[in-house]
Amino acid sequence: MTIATHLDPKYISRGELALSGLKDLAPSLSFATFLTEDGFSVVSIAGAALDSNRFASMASSTQALADAVARELKLGDNEFVIVAAEQGHVVQVRVEGHPLILAALFTDKETIGKSLAAARRTARRLNVFLSAYTGPIDLPE
Amino acid sequence: MSEHVILFVGPMGAGKTTAIRALSEIEVVSTEAANSDRDASDKPTTTVALDYGEINVNAAEKVRLYGVPGQKRFDFMWSILAERAEGALLLVNADAENPVETAIEYVKEFYALYERGGIVIGLTRADLVPESLIEEYANALADEMPDVLIPVFTADARSNADMTVLLMTLVANVELKQAVMASRALSSGRAR
C-alpha cells in the first residue's frame with residue numbers, strides 16, 4: 001500500500017524544515033503551505049486563523065489554471081504564479097522533481113520580488129532536503 | 001450567435017472530463033493534477049479547477065461545456081462556474097457507494113441551476129448494476145423532491161452519441177424554461 005503524499009512523513013518533516021526559514025527571508029509572511037498538486041495541504045506555518053485545507057485547494061486550482069494558460073499559449077512550463085491584491089499577495093512555486101507546490105501569502109509590506117525570491121529559495125531548500133533524505137530524524141524543538 | 005453554458009457536475013470518477021472530451025469540437029482545456037488520494041478514487045489524475053469544451057449546434061448556436069472538480073474541497077469552483085451556467089448535467093457513477101443519495105445531494109447543491117434551466121442525470125457504468133436502479137432514482141427523487149422533474153438516463157461517458165442525447169435534452173429544457181419565463185415576463189408587463 002502506498003502512502004498518500006500529504007501523509008508521507010518524508011514530505012512532512014522536510015517540509016517543516018524548509019518552511020521554518022521562510023519567515024526570516026520575508027518577514028511579512030502571513031501563511032505558507034506545501035501542498036500536493038491535487039490540493040492537499042502537506043505542512044503549513046503561521047496564520048492559525050486561516051483554513052489551510054481551503055487555502056491549499058484554492059492554490060491547487062490557481063496553479064492548474066495558470067499551467068493551462070501557459071500550455072494553451074504555448075509558453076512552455078509555467079514557473080510560478082503570483083496573485084497580487086491591495087493588501088497582500090500570494091506566491092506559488094513548484095518544488096522541482098516532486099509533486100509539491102509551495103503557496104505563500106505575504107502582506108503588502110513585502111515587495112513581490114522579495115517574496116518571490118524567498119519562495120523560490122524555500123522550494124529549492126525543500127528539494128535539497130528531500131534529496132538528502134535517508135529516513136526519519138528528530139527535528140529540533 | 002446565441003450560446004448556452006452547461007455545467008458538468010458530479011462526484012469524482014463519474015466521467016465528467018471524459019464526457020466533455022467525447023462531446024467537444026475543440027481541444028478540451030483541462031486542469032488535471034496527479035491524484036495523490038487513491039483511496040478516494042483509484043484514478044491517476046483528478047480535475048482541480050475546470051474542464052472546458054465547446055460544441056456548435058448550428059451556425060447560430062454554441063454550447064459551452066464546463067466541468068467542475070468532483071471533490072467537495074473544490075466547491076469554491078462550483079460556485080464560480082455555476083454563476084454563468086444555465087443548466088447542469090449531473091453524472092453519477094452507478095456502481096459507486098450510495099449513488100442515489102449522491103445524486104440527490106448534488107441536485108440540492110445545484111438546485112439554483114435546476115430552477116434556472118434544468119438538470120439532467122446521467123448514470124454512468126450503469127451496465128454494472130441492476131436495471132431497477134434507474135427506477136430507484138426516479139422514485140427516490142420523487143420522494144425527496146416531489147415538485148422536481150429531472151430526466152434520468154444511463155450513459156457511457158465515452159460515447160459522443162450517448163452524451164449528445166443527454167446534452168440536447170438539457171439544452172431543450174433550458175430553452176423551454178427560458179421561453180416560458182420570457183412569456184411570463186411579457187404577460188406580467190401587459191397586465192400592468
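Here is how names work: the chains are called A, B, and so on, in the same order as the sequence lines, proteins then strands, and each is numbered from 1. Only a predicted model underlies this, so the values are computations on that prediction, with no experimental measurement involved.
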Sub-3.5 Å donor-acceptor pair from the side chain of A:Thr5 to the main-chain atoms of B:Ser36, do we have one?
-> no
Greater than 12 external heavy atoms within 6.0 Å of B:Glu115's CD = yes
Any link between B:Leu81 and A:Met58 through a network of hydrophobic side chains (Ile, Leu, Val, Met, Phe, Trp, Tyr) touching at under 4.5 Å?
-> yes
CD of B:Glu27 to CD of A:Glu72, rounded to nearest 0.5 Å, is 6.5 Å
What do you reckon, is CG of A:Asp24 surrounded by more than 12 foreign heavy atoms closer than 6.0 Å?
-> yes
Any side-chain heavy-atom pair of B:Asp75 and A:Arg54 under 4.5 Å | yes
Which atoms form the tightest heavy-atom contact between A:Ser57 and B:Phe74, and what is the distance?
-> O-CE2, 3.3 Å
If you group Ile, Leu, Val, Met, Phe, Trp and Tyr by side-chain heavy-atom gaps below 4.5 Å, do B:Val100 and B:Ile150 land in one group?
-> yes
Do B:Ile104 and B:Val68 share a hydrophobic cluster (ILVMFWY, side-chain heavy atoms under 4.5 Å, transitive)?
-> yes
Side chain to side chain contact (heavy atoms under 4.5 Å, CB included) test vs A:Asp38 passes for just one of B:Thr45, B:Thr46, B:Thr47, namely B:Thr46
Engaged part of A:Ser60 at the chain B interface, taking heavy atoms whose separation is under 4.5 Å | both
If you look at every heavy atom in A:Glu37 and B:Ala33, which pair is closest and at what distance?
-> O-CB, 3.3 Å
A:Leu65: which of B:Val29, B:Leu50, B:Val48 passes side chain to side chain contact (heavy atoms under 4.5 Å, CB included) | B:Leu50
B:Arg73 side chain to A:Ala56 main-chain N or O, any donor-acceptor pair under 3.5 Å?
-> no
Which value, rounded to the nearest 0.5 Å, describes the distance between A:Arg71 atom CZ and B:Ser30 atom OG?
-> 7.0 Å
Co-membership, hydrophobic cluster, residues B:Leu123 and B:Leu7, 4.5 Å side-chain | yes
Any chain of hydrophobic side-chain contacts (each under 4.5 Å) joining B:Val28 to B:Val57?
-> yes
